[in-house]
Amino acid sequence: MTKPLDFPVALNAFTSFEAAGRHSNFTLAARELGVTQAAVSRQIKALEIELKTRLFERGNRAVRLTDEGRKLLDAVTAGLKTISEAVEDISRAGKAAELTITTTVAMASLWTMPYIASFRAEHPEISIKLVASDAVLDLTQERVDVAIRYGNGDWPHLDSTFLFGVRFFPVCSPSYLASFPVSSMDDLKSARLLHLDGPAASYSEWEWWFASNGVELGRLDPELSFNNYPLLVQAALSGQGVILAWGNVIDDLIASGGLVAMISGYTPANQSYYLVTNRRRAIREEARIFKKWLLAKTAHLR
């Protein structure tokens, strides 16, 4: 009969082993677990002694799982996932079903809220927690079920489903267009162009848009700029100038007449919006329901 492992020691050792195996690095594992590198090394050494087998090949600057280590990592990862899901299910027992969704501040205020209101009307049994953040949240650490992200659809350890693309075109309020009629690109170059500040301050979105449409434009000196898109939209609605519309995001404002397109045509973005879930955790039923519902509601955008 195999001698059982000392469970308290083994649990710590398995946790250290899983982190080290996932990172292929004891130092990164220690940083994630909030312990010292020496502590991780001791836990794994104790596990190797207990199992009477080497789990890692240790080099000067890196570690690599042995065949036995890879086999154990698969089992430990599956086991920890099962434990995590069971704990979550137990903690939710007796509570109202809750779905946590995250997206950017712009998407939350300009696009997501009406869909959430419609979803709640159809599924009142599911409460919604909307987390608006321009920081990219860790879905596991923040216990987020679904994210709506802008990008190329490739994020480590996440499953992404295409939601819709984005197209850019200039819009303004009807009052601004009445006072500053535009019929050509040259007219538009002379308009008051409202700017969205971003990390690439050396090259504005307007410079990119004009260049994409084959129009030479000198260095712009923004008369008005804003640090988030909802403020930019509000400025355009109040007649302060022209913005680049995010087509499919603010279409409702155009359909209602609050904003009007100034010239025909649009420029497609090289990235899109995706519905994102955590690949390492089984998708919860509430998230499954929301995902199916949102994809059906937005089918006309794809």
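Note that the numbering runs from 1 along the sequence shown for the chain.
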Donor-acceptor under 3.5 Å ([X] side chain, [Y] main chain):
| X | Y | value |
| --- | --- | --- |
| W111 | A106 | no |
| S173 | S238 | no |
| R167 | G165 | no |
| N213 | V215 | no |
| E205 | L196 | yes |

Going through the checks in order, is the salt bridge (charged side-chain N to carboxylate O under 4.0 Å, His left out) test met by K129 and D145?
CA-CA 10 Å; K129 178 181 178 182; D145 296 298; over 6 Å; no
Flag yes if V131 and W155 sit in one hydrophobic cluster, no otherwise; membership is Ile, Leu, Val, Met, Phe, Trp, Tyr, and two members link when side-chain heavy atoms are under 4.5 Å apart.
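Per the 4.5 Å side-chain linkage, V131 and W155 are not co-clustered.
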Say whether V105 and L139 are linked into one hydrophobic cluster, either directly or through other cluster members, by side-chain heavy-atom distances under 4.5 angstrom.
no
Which value, rounded to the nearest 0.5 Å, describes the distance between [X] atom [atom1] and [Y] atom [atom2]?
| X | Y | atom1 | atom2 | result |
| --- | --- | --- | --- | --- |
| F210 | L188 | CZ | CG | 4.0 Å |
| L295 | F290 | CG | CZ | 9.0 Å |
| L224 | L231 | CG | CG | 11.5 Å |
| N228 | S109 | CG | OG | 7.5 Å |
| R54 | D67 | CZ | CG | 13.5 Å |
| T66 | K71 | OG1 | NZ | 11.5 Å |

Nearest heavy-atom pair of [X] and [Y]: which atoms, and what distance?
| X | Y | value |
| --- | --- | --- |
| I128 | R120 | CG1-CD, 3.7 Å |
| T103 | A108 | CG2-N, 3.6 Å |
| I250 | A245 | CD1-CB, 3.7 Å |
| F17 | G69 | CZ-O, 3.3 Å |
| Y274 | G151 | CE1-O, 3.3 Å |
| K297 | Y115 | CB-CE2, 4.0 Å |

Using the ring of each side chain (for Trp, its six-membered ring), is F119 parallel, tilted or perpendicular to W293, with breaks at 30° and 60°?
perpendicular
Applying side-chain hydrogen bond (donor to acceptor under 3.5 Å, both in side chains), can you list everything that pairs with N25, at least two apart in sequence or on another chain?
none
Candidate pair E57 and L65, rule side chain to side chain contact (heavy atoms under 4.5 Å, CB included), full reasoning
CA-CA 6 Å; E57 296 291 347; L65 285 164; over 6 Å; no
Would you sort out whether I289 and L99 count as a side chain to side chain contact (heavy atoms under 4.5 Å, CB included), showing the intermediate values?
CA-CA 10 Å; I289 292 170; L99 177 68; over 6 Å; no
Are any of the side-chain nitrogens in R288 or E285 under 4.0 Å away from the carboxylate oxygens of its partner?
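Answer for the salt bridge query: yes.
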Taking the side chain as every heavy atom from C-beta outward, state whether [X] and [Y] have any pair of such atoms under 4.5 Å apart.
| X | Y | result |
| --- | --- | --- |
| L237 | Q234 | yes |
| I254 | F169 | yes |
| M262 | D187 | no |
| V242 | F180 | no |

Worked check of side chain to side chain contact (heavy atoms under 4.5 Å, CB included) between N278 and I283
CA-CA 7 Å; N278 190 346; I283 185 169; over 6 Å; no
Any pair with a residue in residues 29-42 that passes salt bridge (Lys or Arg N to Asp or Glu O under 4.0 Å), sequence neighbours left out, goes on the list, sorted by first then second residue, please.
R22-E32
is_close_aromatic(F168, W209), centroid dist under 6.0 Å
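No, ring centres 6.0 Å or more apart.
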Step through it carefully: locate the ring centre of Y150, locate the ring centre of W246, and say whether they are under 6.0 Å apart.
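No; W246 has its ring centre 6.0 Å or more from that of Y150.
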V233 and I243: side chain to side chain contact (heavy atoms under 4.5 Å, CB included), yes or no, with the steps?
CA-CA 7 Å; V233 171; I243 67 169; 4.0 Å; yes
